[in-house]
Participant: 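Submitted below is the structure of interest, expressed as structure tokens.
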Number of protein chains: 2
Amino acid sequence: MTDIHRPAERRRLSMVDVAAHAGVSVGTVSNVLNRPELVAEPTLRRVRASIKALGFVPSAPARQLRGGSGRSVGVMVRDIGNPFFSEVLPGIETRLSQEQLLLVLCSSGDSIEKEAHYLQILEQHRVPGILITPAGQDISHLVELRRRGIGMVLLDRPGADSQLCAVAVDNVRGGELAGAHLLSLGHRRIAFLNGPPIVRQCADRREGLVKAVRAAGLDPDEVITEITLPALTPREGEAALERLPARGGPTALFCVNDTVALGALRGLERRGVSVPHDMAVMGYDDVEFAALLSPALTSVRQPKHQLGQAAAELLLTDARGDSGHWHQEIVFQPELMVRASTSG
Amino acid sequence: MTDIHRPAERRRLSMVDVAAHAGVSVGTVSNVLNRPELVAEPTLRRVRASIKALGFVPSAPARQLRGGSGRSVGVMVRDIGNPFFSEVLPGIETRLSQEQLLLVLCSSGDSIEKEAHYLQILEQHRVPGILITPAGQDISHLVELRRRGIGMVLLDRPGADSQLCAVAVDNVRGGELAGAHLLSLGHRRIAFLNGPPIVRQCADRREGLVKAVRAAGLDPDEVITEITLPALTPREGEAALERLPARGGPTALFCVNDTVALGALRGLERRGVSVPHDMAVMGYDDVEFAALLSPALTSVRQPKHQLGQAAAELLLTDARGDSGHWHQEIVFQPELMVRASTSG
DNA sequence: CGCAGATATTGAAATGTTTCAACTAGCTTG
DNA sequence: CAAGCTAGTTGAAACATTTCAATATCTGCG
């Protein structure tokens, strides 16, 4: 067993070394790397051989210093653990890797401070663009960043009067679909397991739910019992069951996303409450596993892969900073997926 | 409606501008940023005021150029869409963000070329370290990268004779647990829905399964029907059912991960095959939703959050390049979670 | 008053690229 | 054969920082 030490800290190779080795100037090495068509065939071969022989790897930071903006874009989500984002990410990654852009993943955990901190670091890195699901309501700091030349696209969030590009799914409509569905099944006392109202998606889904209740000629305050969860995890979804009114309690549970619904289902099963007989349950997002839960979960589907791709696409045009680029907002429509957890 | 144009491409601010504005030298501005304790109180205030007034943001690339290695580490997974990785990532992110490190997410999609390409870009960016689940068997290129000074930790993969640090779960043991469980239930014809054998995890789980069969005094070739899937997705899991031998077919299905099992369950349900009565099904990973599938999925649990944290931790020490650092391998033990899909 | 020792600030070199004006050779052309 | 091209190559400036030896200013002391 030999102790594998890191070799003596030899200075990293630079183009100067390559130039010396190949007997040309640094300018020529640079040309070989960036505009090979300008370099004569024999020189090209010689320089490339030297690069290989020495194991030279150009320095991205140095390139960027001279060149301008970098080759990595920021993607800020509220919670990487959330399967919704895991299903959106592939759409983003595919598009970015086509453009040779690195994906810097940031998770704000719904903390405005953590978000601000990440944004600061991203700006220092001179990223050409950022894809973000903001933690808070106020997005003026994002508008400001864009003014300073960083491409900015809101992900899963409407664009606030077209100040920024945005890709979103109509959450009000989704909440409305959910509400109308539960009401049509005869439910008149609905518990809404929601996230903090500062989160736009939560507020919007709530608005849709209220709208549906009103449209049915009922009083939202009587029909809806809203329970605010500190975090959108299965654990909190299960814990929230404790806070349901004991008597005259709800007959249906609308969970603001499938992850919460997962916890709620688990909790109900443990308590021996039959779904949907004693309690109807529905989620939101229609993540991959929703259809296969026990019982199969009714949910509101969002086109997640498309959302990611569209967002990346929009970011690319925004980051390019084409003059005359108008702020664009792409809104996808949600779709109700009725399954056993509400209509068994 | 006003056309919001990007403002005239004014040159980005540098420390020179700040220095001029505050009436000090650039050296002093640098000190304010990096060693404020060396700067006199009034100067400190003045420079900070100038930074704020001008909206100066230091350039990370320039810092890195002089300073050495960068502040972002690479995390290469085989497939971001896989919920296993979504559950490992939070553990990594938490630890990295504590150290003010950015997480560059790369998804190789099991392609050696895509992996190599990403690695090349990461090296150009002078990342201090990389956390990787390699796409292929051969990891000599990773050892080489480490020799060149990039911290390297294998994620979810043993460390090949301690050439590299590694964090893994014992996959052979996991496969063995699964096999022993199915055999103990009396199953004698087991279909193994596996991934490509180049993927180490797949090969190891297979080895464990074979070991369990041998331990029971049976012939692996008779008991196990292996079906190789081109990708580990629900879609492929479902498609694989078509390839099961029609007569004398298996009575149990061991899926190499829960995502595949998800697809298999969906397919069996569509075909009206009762689980576990007509066919026992088990998965691997025990992802968040496994316990709530219909029927609840028997699976082999891996401590995912811990895995991520331990990996990040190890990478930090490896990237620091403490002299005398020995290659370390952390192996977690898997745990069998028996549920309705095998023992209803 | 002169000097030692702190304390605070400066100016310039160094980092690894890109870019571009200037230069060289080798041809063609009138 | 001089003049004008063209293709290929060069050398140095520029980019935004950090670092560090050198300098300037102050404080107290003999």
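Proteins get letters first, then strands, A, B, ... in listed order; numbering begins at 1 in each.
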Participant: Does a nitrogen or oxygen in the side chain of A:R66 sit under 4.0 Å from OP1 or OP2 of D:dA14?
Facilitator: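 So the side-chain polar atoms of A:R66 never come under 4.0 Å of the phosphate oxygens OP1 or OP2 of D:dA14.
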Participant: Please report, rounded to the nearest Å, how far the P atom of D:dC15 is from the CE atom of B:M15.
Facilitator: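 Whole-Å distance recorded here is 14 Å.
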Participant: Relative to the 5' end of DNA chain C, which residue comes earlier, A:A62 or A:N31, by the nucleotide with the nearest heavy atom?
Facilitator: A:A62
Participant: Could you tell me whether the side chain of A:I150 reaches within less than 4.5 Å of the side chain of A:I130, counting heavy atoms only?
Facilitator: yes
Participant: Is there side-chain contact between B:L142 and B:P134, with at least one heavy-atom pair below 4.5 Å?
Facilitator: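 With C-beta onward as the side chain, the pair touches.
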Participant: Write down the distance between CG (B:N34) and C1' (D:dA16), rounded to a whole number of angstrom.
Facilitator: 13 Å
Participant: Within the 4.0 Å heavy-atom criterion, would you say B:P58 contacts the bases, only the backbone, or no part of the nucleic acid?
Facilitator: sugar-phosphate
Participant: Need one value for A:V18: base, sugar-phosphate or nothing, where a base atom within 4.0 Å counts as base even if backbone is also close, heavy atoms only.
Facilitator: nothing
Participant: Are any side-chain N or O atoms of B:D318 and backbone N or O atoms of B:L314, one a donor and one an acceptor, separated by less than 3.5 Å?
Facilitator: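 No: the side chain of B:D318 does not pair with the backbone of B:L314.
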Participant: What's A:S14 touching, base or sugar-phosphate or nothing? Going by heavy atoms closer than 4.0 Å.
Facilitator: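 The answer is sugar-phosphate, as A:S14 gets under 4.0 Å only of primed atoms, P, OP1 or OP2.
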Participant: OP1 or OP2 of C:dT18 versus the side-chain N and O atoms of A:S30: is any pair under 4.0 Å?
Facilitator: yes
Participant: Rounded to the Å, how far apart are A:R45 CZ and D:dT9 C1'?
Facilitator: 17 Å
Participant: Of the nucleotides D:dT9, C:dT19, D:dT19, which has the atom closest to the B:R35 side chain?
Facilitator: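 Of the options given, the side chain of B:R35 lies nearest D:dT19.
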Participant: Under a 3.5 Å distance rule, please check whether B:R200 uses its side chain to pair with a backbone N or O of B:T133 as donor and acceptor.
Facilitator: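 Between the backbone of B:T133 and the side chain of B:R200 there is no qualifying donor-acceptor contact (under 3.5 Å).
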Participant: Quick one: which of D:dT18, C:dT17, D:dT10 gets closest to the side chain of B:R126?
Facilitator: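 My answer, after comparing the listed nucleotides, is C:dT17.
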Participant: Between D:dG8 atom P and A:R46 atom CZ, what is the distance in whole Å?
Facilitator: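 That distance rounds to 14 Å.
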Participant: Taking the side chain of B:A40 as its heavy atoms from C-beta onward, which of C:dA8, D:dT17, D:dA12 lies nearest to it?
Facilitator: C:dA8
Participant: Would you check if the side chain of A:R126 reaches a backbone N or O of A:G70 as a donor-acceptor pair within less than 3.5 Å?
Facilitator: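 Checking the backbone N and O of A:G70 against the side chain of A:R126, no donor-acceptor pair under 3.5 Å is found.
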Participant: Does B:T28 make a side-chain N or O approach to OP1 or OP2 of C:dT10 shorter than 4.0 Å?
Facilitator: yes
Participant: For B:Q64 and C:dA14, give me the distance from atom CD to atom P, rounded to whole Å.
Facilitator: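 About 21 Å, once rounded to whole Å.
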Participant: Between atom CD in B:E41 and atom P in C:dT7, what is the gap in whole Å?
Facilitator: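 Value for this atom pair: 16 Å.
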Participant: Is any side-chain heavy atom of B:V77 closer than 4.5 Å to a side-chain heavy atom of B:V88?
Facilitator: no
Participant: Can you see if the side chain of A:R12 gets near the phosphate of C:dT15 - specifically, an N or O under 4.0 Å from OP1 or OP2?
Facilitator: no
Participant: Among the candidates D:dT17, C:dT15, C:dT10, find the nucleotide nearest to the side-chain atoms of B:L65.
Facilitator: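 Side chain of B:L65 sits closest to C:dT15.
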Participant: Does B:V16 reach a base, just sugar-phosphate, or nothing at all? Heavy atoms under 4.0 Å.
Facilitator: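 Nothing, no heavy atom under 4.0 Å.
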Participant: Distance check needed: C:dA21 C1' versus A:L38 CG, whole Å only.
Facilitator: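 Rounding to the nearest Å, CG of A:L38 and C1' of C:dA21 are 15 Å apart.
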Participant: Using a cut-off of strictly less than 4.0 Å, decide whether A:S59 has a side-chain nitrogen or oxygen near OP1 or OP2 of C:dG16.
Facilitator: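 No, because none of the side-chain N or O atoms of A:S59 sits under 4.0 Å from OP1 or OP2 of C:dG16.
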Participant: Could you state the CG-P distance from B:D17 to D:dC15, rounded to the nearest angstrom?
Facilitator: 11 Å
Participant: For C:dT9, take OP1 and OP2 only and decide whether either is under 4.0 Å from a side-chain N or O of B:T43.
Facilitator: yes
Participant: Given C:dT10, D:dT10, D:dT18, which nucleotide is nearest the side-chain atoms of B:R63?
Facilitator: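 Output: D:dT18.
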